[in-house]
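Proteins come first, then strands; the chains are lettered A, B, ... in the order of their sequence lines, and each starts at number 1. All values below come from the heavy atoms of this structure, side chains included, with hydrogens, waters and symmetry mates left out.
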Amino acid sequence: MPELPEVEVTCQALKAVLEGFSITEIQLNRPDLRYPLPPNLENEICLYSIQSVQRRAKYLLIDFEHGKTLIWHLGMSGRVIVETPEIPFLKASPHDHVIFRTSNNHKITYRDPRRFGFIQLTPTSQLASVNPFNTLGPEPLNNPELNVLIFHNRMKKHTKPIKNALLDQKIIAGIGNIYASEALWQARISPLRAANSLTQPESALLLKELQDVLKRAIAAGGSTLRDYVRPNGEVGYFQYIFKVYDRENKLCEHCEVTNLSKIIQCGRATYYCKICQK
DNA sequence: AGATGAGCCTGAAGGC
DNA sequence: TGCCTTCAGGCTCATC
């Protein structure tokens, strides 16, 4: 799925067409995604002005004027497609589960073949206290409350491998399987080391490379593997500059002598260079 | 505290 | 061509 960069790209596109406008109509093509859709969703949110569209970790948050927030997670295969009235381009699919129409005549389609995504509604005032927002770690980007010392101290509390710690949304939010491998390779740190073995300079480097890879991925429109496309229907381009992800047995571009390895950590594929990642 | 496996689903890719 | 198996960007739960 969509990791942080893909959700961020989706968020920016939704922001442009939703903020200051409202949803006028919702077409629900099934009663549930991963969880049941909120009851009376149309009555709950239609015609109320949308104050903001934000991203927290891998969640989209849509705040309405009457104090409700729509929580939207894209799961593994979810994608959001925004169509302008002038240029409809989307060919309908049986996996188009929810379709929103907006007061500025846009059509927003939620397509999710695997249906691991979900949509929930909560009072905005309670958002910070509901699962998972009450336990989420800090945002890695544009977050004045995150610095090297805080990141280092959070990693220091865990004996599990660094790769698993990066995927743990309670330690740091938004990192998924692709960008965890990419950032560790950039920082030349082994995914197998215990999180609490990082020195402070290593933590500083890892945080810098995490932020770098996330920013570059956002700028590239995210990564398109199987399902994700940008809301305008274009694919993202970051997959063309993966340095380690899905590159088993390809040459490491750091040392230029070793082929990259693939191992399984906690049931997830990790790609890394055995030689230059220490 | 951490690891592992199962489960939620479908579709793509690879092997035969 | 077609059938079968494996694997996939996330997250949660139970169990060890």
N177(A) has its side chain closest, among dG10(C), dA3(B), dC11(C), to dG10(C)
Nearest whole angstrom, please: distance from the P of dG10(C) to the CG of L33(A). 18 Å
Output the residues of residues 259-273 of chain A in contact with DNA chain B, where contact means a heavy atom of the residue under 4.0 Å from an atom of the strand; sort by number or write none. C266(A)
What interatomic distance, in whole Å, is found between P of dC4(C) and the corresponding atom of dC9(B)? 22 Å
Side-chain N or O of H73(A) less than 4.0 angstrom from OP1 or OP2 on dC11(C)? yes
Using a 3.5 Å distance criterion without hydrogens, assess whether the side chain of H95(A) forms a donor-acceptor pair with backbone atoms of G78(A). no
Taking the P atom of each, how far is dG10(C) from dA1(B), in whole Å? 23 Å
Can you identify which nucleotide, out of dA8(C), dA3(B), dC11(C), has its nearest atom closest to the Y59(A) side chain? dC11(C)
Select base, sugar-phosphate, or nothing to describe what D112(A) touches, counting heavy atoms under 4.0 Å on all strands. nothing
Does a nitrogen or oxygen in the side chain of K58(A) sit under 4.0 Å from OP1 or OP2 of dC11(C)? yes
Judged by modelled atom types alone, do N177(A) and K163(A) share a side-chain donor-acceptor pair under 3.5 Å? yes
Reckon H158(A) has a side-chain N or O less than 4.0 Å from the OP1 or OP2 of dG2(B)? yes
Is_stacked (F116(A), dC9(B)) at 5.5 Å, 30 deg: no
Assign the ring pair Y59(A) / H73(A) to parallel, tilted or perpendicular, where the plane angle (0 to 90°) is split at 30° and 60°. perpendicular
Quick one: does any side-chain atom of Q126(A) pair with a main-chain N or O of P123(A) as donor and acceptor, under 3.5 Å? no
Any side-chain N or O of H95(A) under 4.0 Å from OP1/OP2 of dC9(B)? no
Determine the contact category for R34(A): base if any of its heavy atoms lies under 4.0 Å from a base atom, sugar-phosphate if only primed atoms, P, OP1 or OP2 are that close, otherwise nothing. base
Could you state the CG-C1' distance from L4(A) to dC11(C), rounded to the nearest angstrom? 16 Å
Whole angstrom value for the distance that separates C1' of dA6(B) from CE of M76(A): 14 Å
Distance flag, aromatic centroids of Y179(A) and W185(A), threshold under 6.0 Å: no
Can you tell me if N164(A) touches the phosphate of dA3(B), counting only side-chain N or O atoms and a distance under 4.0 Å to OP1 or OP2? yes
To the nearest Å, give me how far apart CG (D168(A)) and P (dG2(B)) are. 8 Å
Any side-chain to backbone donor/acceptor pair from E65(A) onto Q51(A)? Under 3.5 Å, distance only. no
Please confirm whether F242(A) and Y271(A) have ring centers closer than 6.0 angstrom. no
Would Q186(A) and R216(A) count as having a side-chain donor-acceptor pair, cut-off 3.5 Å? yes
Nearest whole angstrom, please: distance from the P of dA1(B) to the CG of N196(A). 13 Å
Taking atom types as they are modelled, is there a donor-acceptor pair under 3.5 Å from the base of dC9(B) to the side chain of R114(A)? yes
Between CZ of R30(A) and P of dC9(B) the distance, given in whole Å, is 8 Å
Let's test your reading of the pairing rules: Watson-Crick or G-U wobble, both distances under 3.5 Å, then write DNA chain C as a dot-bracket string with ( ), [ ], | and dots. .|||||||.|||||||
If you look at every strand shown and take non-hydrogen atoms under 4.0 Å, does P94(A) touch a base, only sugar-phosphate, or nothing? nothing
Whole-Å distance between dC8(B) P and H97(A) NE2? 16 Å
Short question: side chain of Q169(A), backbone of L167(A) - any donor-acceptor pair under 3.5 Å? yes
Side-chain donor or acceptor of R101(A) paired with backbone N/O of K107(A) under 3.5 Å: no
Between T159(A) and dG2(B), does any side-chain N or O lie under 4.0 Å from OP1 or OP2? yes
Is any side-chain heavy atom of K215(A) closer than 4.5 Å to a side-chain heavy atom of L141(A)? yes
Nucleotide dT6(C), atom C1' - distance to CG of D246(A) in whole Å: 14 Å
